[in-house]
There are 2 protein chains.
Amino acid sequence: MELKKIYTQFEPELLELLEEKGMHKTFAAGEVILRTGQYIKSTALILSGRVKIYRENEEGGEFLMYFLQAGQACAVSMICALQADTSEIMAKAEEETEVLLVPVELMESMMTKYRSWYQYVIQTYRSRFDEMLTVVDHIAFQNMDERLEFYLKRYAEQTGKKMLELSHQQIADDLNSSREVISRLLKKMEQQGRVKLHRNLVEVVK
Amino acid sequence: MELKKIYTQFEPELLELLEEKGMHKTFAAGEVILRTGQYIKSTALILSGRVKIYRENEEGGEFLMYFLQAGQACAVSMICALQADTSEIMAKAEEETEVLLVPVELMESMMTKYRSWYQYVIQTYRSRFDEMLTVVDHIAFQNMDERLEFYLKRYAEQTGKKMLELSHQQIADDLNSSREVISRLLKKMEQQGRVKLHRNLVEVVK
DNA sequence: TGAGTCCCGTGACCAATGTCACATTACCAC
DNA sequence: GTGGTAATGTGACATTGGTCACGGGACTCA
């Protein structure tokens, strides 16, 4: 995908600069883009695909925070990039994903020179922070059934599909739960006519 | 407290500007500084005291995220201020707290003009984001006893005291739990010789 | 010193969720 | 088709943490 088609708010000059200095890279589905503890040398702008941002626990559970899609950027990579620091989270391509890697050295000058970039960075922080707040709310205040419901709803919205290609195990991992619990809750939802269950596939009815 | 004694990294010119345009304000212990949904018109730099950043649930529970102290600023107020947006969190003075309120209009020009301010803002985002990650980790992966332990440890560190003036109910609120549960866990810790319990007071032993 | 209030201790019980064991089913490769 | 494998269904049980009920202790204020 072309940068300027997605990031329409950027000045032409900024777009040129990004194209000139940035590096295009494509990640296959399932490939890890950023690893906990990894040193960050660039900020990733997403051009296509979908990236899962998650936190790993000791047993390798992948607790989902949020997804990133075209037009979004990894706030963590921005913050870290600005200080050439290490990351505390994991990022993985959920499907084939195209990114533009912008070298960390450019960050500061772009911030001062291009208003649209400045706005974009600020807005990115803001959105990610809000998303983190939502995550906290959910795990602090909600039961698993409500969280599952939100999860499916968001997943359907973000992929634009009603057929979610997910195994119960995957869902359990994302919610830091266990397969049996998810199976039971899904079954209950099916009995209430809110989903239909198939192998490796959850169909959202409403 | 004087601004320049705390924010020693700021350029003299920036300090002057802040003193000139900023407004000093003191909040009494327990006073709410920022409310969910409140429109934000300025960024708060903390000069003295301690501020509790928390999330309110439906029943008025005050789920603790983190504390801010002298030299720190509210990242949320910065982000929101930059877009003159509303807040999603609550901030309350835990003890008498002195802040400098910097009008939102200054933010963008200061970002481009003063490198130390730019660095400070970035670093603030970074720290708060990390703190949010820690919160998520704890509520997602840990049991109440581990969370309680971390809570007491952090509280002791941040106040520099071993005598924590906290009722069991307050602790329960901060951890989104119930008094009975906290009482039981504290009792267990006392039996293990890790704390001593008094009325309205938890003494950290180690 | 006595009443009132807040804080804390504690047992009984319940709901949500995690764990274990094992059966069943769907799909794939041959 | 057949065998194998991964996904799902399900009952039994354990654990954690929340709720309820109530008792007792400590501090306050008149």
Side-chain angles (χ1 to χ4, degrees), chain A residues 30 57-64 136-152 155 163-204, chain B residues 29-30 57-64 135-152 155 163-204:
Chain A
N57 70 5
E58 321 76 51
E59 294 97 40
E62 303 190 350
F63 181 72
L64 172 67
V136 169
D137 271 9
H138 287 175
I139 50 183
F141 302 137
Q142 301 199 322
N143 287 346
M144 198 52 81
D145 52 354
E146 301 172 284
R147 290 177 53 203
L148 175 59
E149 190 134 6
F150 175 83
Y151 174 87
L152 295 175
Y155 204 98
M163 299 301 211
L164 316 181
E165 292 173 29
L166 290 164
S167 75
H168 298 184
Q169 185 63 60
Q170 273 175 274
I171 301 175
D173 287 346
D174 284 347
L175 294 174
N176 191 45
S177 177
S178 71
R179 181 190 62 77
E180 294 92 323
V181 171
I182 299 302
S183 284
R184 277 196 280 263
L185 292 176
L186 282 174
K187 205 75 201 158
K188 206 188 293 175
M189 287 180 73
E190 189 176 42
Q191 282 158 10
Q192 297 167 350
R194 341 244 313 264
V195 295
K196 282 182 192 161
L197 302 179
H198 316 270
R199 188 188 176 81
N200 273 319
L201 199 116
V202 177
E203 181 182 350
V204 178
Chain B
N57 70 4
E58 321 76 49
E59 294 97 39
E62 303 190 350
F63 181 71
L64 172 68
V135 170
V136 169
D137 271 9
H138 287 175
I139 49 182
F141 301 139
Q142 301 198 322
N143 287 346
M144 199 51 82
D145 52 354
E146 301 172 283
R147 290 177 53 203
L148 174 59
E149 190 133 6
F150 175 82
Y151 174 86
L152 295 175
Y155 205 98
M163 300 300 210
L164 315 182
E165 290 173 28
L166 291 164
S167 74
H168 298 185
Q169 185 63 61
Q170 274 176 274
I171 302 177
D173 287 346
D174 284 347
L175 295 174
N176 192 44
S177 178
S178 70
R179 182 191 62 77
E180 294 93 321
V181 171
I182 299 301
S183 284
R184 277 197 280 264
L185 293 176
L186 281 174
K187 206 72 200 156
K188 207 187 292 174
M189 287 180 73
E190 189 175 42
Q191 282 159 10
Q192 297 167 351
R194 340 238 322 256
V195 294
K196 281 180 191 159
L197 302 179
H198 315 270
R199 187 187 174 85
N200 273 318
L201 200 114
V202 178
E203 180 182 350
V204 179

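Each chain gets a letter, A, B and so on, in the order the sequences are listed, and its residues count up from 1.
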ask   = What is the per-nucleotide protein-contact pattern of nucleotides 19-25 of chain D, from the 5' end, where B denotes a base atom under 4.0 Å from a protein heavy atom, S denotes such proximity for sugar-phosphate atoms only, and - denotes neither?
value = BBB---B
Which residues share a side chain to side chain contact (heavy atoms under 4.5 Å, CB included) with Asn143(B), sequence neighbours left out = Asp145(B), Glu146(B)
note = From CG of Leu148(B) across to P of dG17(D) the rounded distance in Å is 11 Å
task = Using whole Å, report how far CE of Met144(A) lies from C1' of dG17(D).
result = 14 Å
Rounded interatomic separation in angstrom, taking CG from Leu185(A) and P from dT10(D) = 13 Å
request  = Give, for atom CG of Asp173(A) and atom OG of Ser167(A), the distance between the pair rounded to the nearest 0.5 Å.
outcome  = 7.5 Å
message = Once salt bridge (Lys or Arg N to Asp or Glu O under 4.0 Å) is applied, do any residues pair with Lys196(A), and if so which ones, sequence neighbours excluded?
response = none
inquiry  = Could you tell me how far apart Asn200(A) (CG) and dA6(D) (C1') are, to the nearest whole angstrom?
reply    = 8 Å
message = Using the side chain to side chain donor-acceptor pair (under 3.5 Å) criterion, which residues pair with Ser183(B)? Sequence neighbours excluded.
response = His168(B)
key: Contact under 4.0 Å: His198(B) side-chain N or O vs dA26(D) OP1/OP2   = no
Nearest-Å distance for atom pair CD/C1', residues Gln142(B) and dT16(D) = 15 Å
ask   = Among all residues two or more places apart in sequence or in another chain, which pass the side chain to side chain contact (heavy atoms under 4.5 Å, CB included) test with Gln192(B)?
value = Lys188(B), Arg194(B)
request  = State, to the nearest 10°, the angle formed by the axis through the first five base pairs of the helix from dT1(C)-dA30(D) to dC30(C)-dG1(D) and the axis through its last five.
outcome  = 30°
For chain B, the stretch of DNA chain C it reaches, first to last nucleotide, under 4.0 Å of its heavy atoms = dC6(C) to dA12(C)
Set of residues satisfying ring-ring contact (aromatic ring centres under 6.0 Å, His included) with respect to His138(B), sequence neighbours excluded = Phe150(B)
Side chain to side chain donor-acceptor pair (under 3.5 Å) against Glu165(A), all qualifying residues, sequence neighbours excluded = none
query = What does Asp145(A) touch in the nucleic acid at a heavy-atom separation under 4.0 angstrom: a base, only the sugar-phosphate, or nothing?
reply = nothing
Under the side chain to side chain donor-acceptor pair (under 3.5 Å) test, residues paired with Gln142(B) that sit two or more places apart = none
request  = Round to the nearest Å and state the distance from Leu197(A) atom CG to dT10(D) atom P.
outcome  = 11 Å
inquiry  = Just to verify, what does Leu166(A) make a side chain to side chain contact (heavy atoms under 4.5 Å, CB included) with, not counting sequence neighbours?
reply    = Tyr151(A), Tyr155(A), Leu164(A), Gln170(A), Ile171(A)
key: Contacts of Asn200(B) that satisfy side chain to side chain donor-acceptor pair (under 3.5 Å) - sequence neighbours left out   = none
